[in-house]
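Chain naming here is simple, since letters A, B, ... match the order of the sequence lines and numbering starts at 1 in each.
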2 protein chains.
Amino acid sequence: MTRVNGTRKPAAGGTPTLDEVARVAGVSRATASRAINGGQRVSAAAQASVDSAVRTLGYVPNPAARSLVTRRTDSIAVVVPEPDDRVFSDPFFAGTLRGVTRVLSERDIQLVLLLARPGASTARTLRYLTNRHVDGALVVSHHRDDGLAEHMSRLDLPCVFGGRPWSAGDRVAYVDVDNTAGERIATEVLVERGCRRIGTIAGPSDMTAAEDRLAGWRQAMAAAGLADDAVEHGDFTELGGQRAADALLARHPDLDGIVVASDLMAAGALKVLASLGRSVPDDVAVVGYDDLGVAERTTPALTTVRQPVEEMAERATRLLLEQVDGHSPSHPMRVIIPPTLVTRDSA
Amino acid sequence: MTRVNGTRKPAAGGTPTLDEVARVAGVSRATASRAINGGQRVSAAAQASVDSAVRTLGYVPNPAARSLVTRRTDSIAVVVPEPDDRVFSDPFFAGTLRGVTRVLSERDIQLVLLLARPGASTARTLRYLTNRHVDGALVVSHHRDDGLAEHMSRLDLPCVFGGRPWSAGDRVAYVDVDNTAGERIATEVLVERGCRRIGTIAGPSDMTAAEDRLAGWRQAMAAAGLADDAVEHGDFTELGGQRAADALLARHPDLDGIVVASDLMAAGALKVLASLGRSVPDDVAVVGYDDLGVAERTTPALTTVRQPVEEMAERATRLLLEQVDGHSPSHPMRVIIPPTLVTRDSA
DNA sequence: GGCGTGCGTGGAAGCGCTCTCACCACAATG
DNA sequence: CATTGTGGTGAGAGCGCTTCCACGCACGCC
C-alpha cells in the first residue's frame with residue numbers, strides 16, 4: 001500500500017474527458033455518456049455528433065472514474081493459491097488460462113492474475129478481493145485448500161472454483177470433472193480386458209481430485225468383486241509415479257493391471273515396468289488420467305481418461321460471468337463434466 | 001463496453017468508507033487518509049486511532065476512487081501479442097510470468113494479463129492501455145511484431161519489451177539476452193572441438209531472436225574461416241527441427257556439427273541423427289539453445305546456451321517499475337544479458 | 001516581546017464519470 | 001380541451017478518495 005513516488009501530472013491536459021466530448025458534440029455530459037454507453041434514449045443526431053467527437057478527440061473513458069460510480073471493474077481475477085513454481089509449466093494451468101481468456105475475449109473483460117505466493121500472502125489476496133478490485137474471482141484450487149473457499153464464500157464476491165474445494169463445497173460454486181466416475185471407467189477398462197489383480201497409484205491425499213479418483217477405483221473394484229488393497233500414493237509427478245510403482249510392484253508382484261491417477265505418474269510407472277521387463281499391456285495393463293499431452297508421448301502410448309480442461313475453464317468462467325451479471329450471490333451452482341475414455345496402447 | 005445489468009447497490013452500507021474511519025477515529029478525512037498512506041505529518045496519537053479504526057471497521061480503500069485521483073492503478077499489464085495456443089505451454093512464457101510475479105510480489109502491484117488474440121484485437125489492447133488502465137506494460141514480444149512497438153512508443157505509457165522488438169528498438173526499452181553472442185559461443189564450442197563442417201538450424205526469420213542467433217553463427221563461422229552455407233530454418237518446434245535436420249543432412253551429408261537455435265528443434269535433430277545411425281557427439285556434435293528444461297531430457301543431453309528467462313523477466317519488470325515510479329518517459333533503456341554455455345553430452 | 005518556522009490538522013476542491021430527476025416538446029387519449 | 005404518456009435532454013448530485021491550502025499552535029531565535 002506504500003505509495004512510492006507521488007509524482008502526478010497536473011491534470012494531464014493530454015487525455016480528453018467526457019466534458020470535452022460533450023462540448024465538442026454540442027450536447028450535455030449526460031447525453032454524451034448515454035451515447036457512449038449503448039445509446040439508450042439518445043436521438044440519432046446526438047448519437048452521431050457524440051460518435052464523431054469521440055473519434056476526433058480520441059476519447060477513451062477513464063476506467064477508474066467509471067468504476068467508481070458503476071461499482072464494476074470489468075475485470076475478474078484468476079486466483080492461484082500457492083503457486084509453487086510448477087504451476088506455470090503445468091498443462092492444466094495453461095489450459096485453464098486458455099479457456100478463461102477465450103470466454104473473456106468475447107466481452108470486454110480483463111484478467112487479473114492473482115498469485116498468492118506461499119506464505120502469509122493469502123491475506124493480501126483476500127484484501128485485494130475484498131474491496132471489489134475485480135468483479136469476480138475464479139479460484140484455481142489446484143492444490144490444497146487453505147480454507148480459501150470459506151473465506152471466499154464470506155466475501156460476497158462472485159466466485160467460482162475450478163475443481164471441488166476441500167471444504168465449503170456446498171456454499172461455493174465450482175466446476176469439476178467427475179473424478180470418481182472417471183477413475184471408475186478407467187478401472188473398468190482393465191476389468192473388462194481380463195485383469196484380476198489391479199492396483200492403483202493414487203494422487204496426494206490432500207487433493208480432492210486425488211481422493212475422488214481413488215474412491216472411483218474402489219467402487220469399480222468392489223463392483224467387480226476384486227480386492228482393493230493394492231494402493232500406493234504418489235505426488236502427481238513422474239518421479240513420484242516411479243517410486244510408487246516400485247513400491248507397489250514390490251508388495252504385489254502379481255499385479256496384471258495398474259490404474260494411475262495421472263499420466264505423468266503413469267509415465268513413471270511405465271518406466272519401472274519396462275525396466276522390470278514386464279510388457280505393457282500384455283503382462284501389466286496401465287491406464288492413466290488427464291490426457292493433457294503426456295499420454296501420447298509415452299511408450300506405449302497411454303490409454304487414459306481425458307479431462308477437458310479448457311472446457312472446464314470455459315464453463316467456470318461463464319458461470320462466474322453469470323453471477324457477475326446477475327450480481328446475485330446466487331445459490332451455489334456446480335457443473336460436473338463427464339470424463340471420457342481415450343483408448344491407446346497401454347490397455 | 002456493453003453494460004449488461006446495471007444493478008447497483010444503493011451506496012452499499014456494507015463496505016466502510018474513509019469517512020467512517022475518520023469519524024470513528026475522531027479525526028478528519030484528510031488526516032485519516034494521511035495516516036493510511038504512510039503517515040507523513042501525522043501525530044502518533046492520530047495514527048494510532050486511525051489504525052485501530054481501520055482494524056475494527058475492516059476498512060479497505062476503494063481502489064477506483066484512489067486511482068481516480070492519484071492517476072495510478074498499482075497494476076501493470078503483461079501484454080502477449082498473438083498468443084497462439086502454444087504460448088501458455090511454452091516454458092519461456094512460464095518463466096517470464098514467474099519472474100514478473102516475483103518482482104511484483106515485493107510491492108503491492110497486480111498483474112493484468114493482456115492477451116491480444118489473433119485478429120484485429122490489437123486495437124482493443126491499445127485502447128485498454130491508452131487510458132491508463134494500468135501503470136505500465138511489459139510486452140512479451142515473443143512473436144512477430146505487428147508494429148506494436150511503434151504504437152507503444154507513442155502511447156506515453158511506461159513500457160518495456162521482453163526481447164528486442166523488430167522495429168522502434170531505438171525508442172523503446174527492452175531486455176534481451178545477447179543472442180548473437182550466444183550463438184557465437186555455441187558455434188565456437190563446435191569449432192574448438194574440431195568440427196570443420198558446421199551447419200545450423202535457425203529459427204523463423206520473423207523473430208529477432210532467430211535472426212540474431214543466425215548472425216552469431218555466421219560471425220563465428222567467418223572468424224574460423226569456415227563456409228556458412230549450411231543453413232536451414234525451422235519454427236522452434238521439435239517437428240520443425242526434425243524436418244530441418246532432414247533437409248540439412250540431405251543437402252550436406254558431410255556435416256560434423258550442427259548449431260541449433262532452440263533445444264526443442266535440437267531434440268528433433270537428435271532424433272533424425274539417431275535414425276540415421278550417426279552418433280552424437282562423435283559423428284556429429286550438436287549444440288542447442290535455451291536450456292529451459294528440454295535440454296536435460298534428450299539423449300544425449302544437450303550442450304546448450306542458457307537463456308536466464310526468469311532473470312530477464314525480473315530485470316524487465318524492475319526497469320518498468322523504475323519508469324513507473326519516476327514517471328519519466330525515460331530515455332530508452334536496454335538491458336542485454338550475457339548468455340552462458342551449459343556443457344552436457346551432445347558436444 | 002515579536003517573528004519566523006515547523007508540524008499537525010481540517011475544510012474544501014476536485015479527479016471523471018454515471019444516473020436520477022425534473023423538464024420540455026409533442027403525440028395520443030379521454 | 002384537459003389529461004396522460006413518451007422520448008429526448010441537461011442540471012446536478014454524488015461515487016470515495018487525495019491533496020492543496022490556510023489555520024492554529026508550540027517552539028526557538030534575535
Side-chain angles (χ1 to χ4, degrees), chain A residues 1-3 5-23 25-50 54 57 59-74 130-133, chain B residues 1-3 5-23 25-50 54 57 59-74 130-133:
Chain A
M1 252 338 97
T2 326
R3 177 121 301 103
N5 182 338
T7 328
R8 60 173 296 211
K9 281 196 179 171
T15 43
T17 71
L18 186 59
D19 271 298
E20 297 172 50
V21 172
R23 189 152 9 95
V27 297
S28 74
R29 213 170 56 240
T31 303
S33 176
R34 264 179 242 123
I36 286 164
N37 296 314
Q40 297 292 62
R41 279 170 156 42
V42 177
S43 67
Q47 180 75 51
S49 60
V50 169
V54 165
L57 259 51
Y59 171 75
V60 184
N62 178 317
R66 173 177 282 181
S67 79
L68 180 56
V69 36
T70 57
R71 294 167 173 289
R72 298 197 61 187
T73 63
D74 293 314
T130 300
N131 223 1
R132 318 205 51 87
H133 222 118
Chain B
M1 255 331 99
T2 327
R3 179 120 299 104
N5 184 338
T7 327
R8 60 175 294 212
K9 281 194 178 170
T15 43
T17 72
L18 186 59
D19 270 298
E20 296 171 52
V21 172
R23 188 152 9 95
V27 297
S28 73
R29 213 170 55 240
T31 302
S33 174
R34 264 180 242 121
I36 286 164
N37 296 313
Q40 297 291 62
R41 278 171 158 42
V42 176
S43 67
Q47 180 75 51
S49 59
V50 169
V54 165
L57 259 51
Y59 171 74
V60 184
N62 178 318
R66 173 177 282 181
S67 78
L68 180 56
V69 39
T70 58
R71 296 170 172 287
R72 297 197 61 187
T73 62
D74 292 315
T130 300
N131 225 3
R132 319 205 51 87
H133 221 120

Under-3.5 Å N/O pairs linking protein and nucleotides 9-12 of chain C:
residue	atom	partner	partner atom	Å
C/dT9	OP1	B/Ser43	OG	2.7
C/dT9	OP2	B/Ser43	N	2.9
C/dT9	OP2	B/Ser43	OG	3.2
C/dG10	OP2	B/Ser28	N	2.9
C/dG10	OP2	B/Ser28	OG	3.1
C/dG10	OP2	B/Thr31	OG1	2.6
C/dG10	N7	B/Arg34	NH2	3.1
C/dG10	O6	B/Arg34	NH2	2.7

Worksheet entry | With A/Val54 via side-chain contact (heavy atoms from CB on, under 4.5 Å) - residues at least two apart | A/Val21, A/Ile36, A/Val50, A/Tyr59
Discussion item. Between C1' on D/dG16 and CD on B/Glu20, what's the gap in Å once rounded to a whole number?
Written reply: 11 Å
Discussion item. What I'd like to find out is whether the side chain of B/Asp74 reaches to under 4.5 Å of the side chain of B/Pro63, using heavy atoms alone.
Written reply: no
Worksheet entry | B/Asn37 side chain near B/Arg66 side chain, heavy-atom distance below 4.5 Å | yes
Fill in: Overall bend - the helix from C/dG1-D/dC30 to C/dG30-D/dC1, comparing terminal axes fitted on five pairs, nearest 10 degrees
50°
Fill in: Nearest-nucleotide pick for B/Val69, side chain only, options being C/dT18, C/dG16, D/dT18
D/dT18
Worksheet entry | Results of salt bridge (Lys or Arg N to Asp or Glu O under 4.0 Å) for A/Arg34 - residues two or more places apart only | none
Worksheet entry | Gap between atoms CZ and C1', on A/Arg66 and D/dG16 respectively (whole Å) | 18 Å
Worksheet entry | Listed partners of B/Ser43 passing side chain to side chain donor-acceptor pair (under 3.5 Å), at least two apart | none
Practice prompt. With the side chain of A/Thr70 defined as its heavy atoms from C-beta on, choose the nearest nucleotide among C/dC17, D/dT19, C/dT18.
Written response: C/dT18
Fill in: Whole-Å distance separating the CZ atom of A/Arg72 from the P atom of C/dC19
11 Å
Discussion item. Tell me whether the side-chain N/O atoms of A/Asn62 come closer than 4.0 Å to OP1 or OP2 in C/dC15.
Written reply: no
Discussion item. So, OP1 or OP2 of D/dG16: does either fall under 4.0 Å of a side-chain N or O from A/Arg71?
Written reply: yes
Worksheet item: What pairs with A/Ser49 under side chain to side chain donor-acceptor pair (under 3.5 Å), at least two apart in sequence or on another chain?
Response: none
Item to complete: Measure from CG on A/Asn37 to P on C/dC17 and round the result to the nearest Å.
Response: 10 Å
Discussion item. Under 4.0 Å, counting only non-hydrogen atoms across every strand here, what does B/Ser33 touch: a base, just sugar-phosphate, or nothing?
Written reply: base
Discussion item. Rounded to whole Å, how long is the line connecting atom CD1 of B/Ile36 with atom P of D/dT18?
Written reply: 7 Å
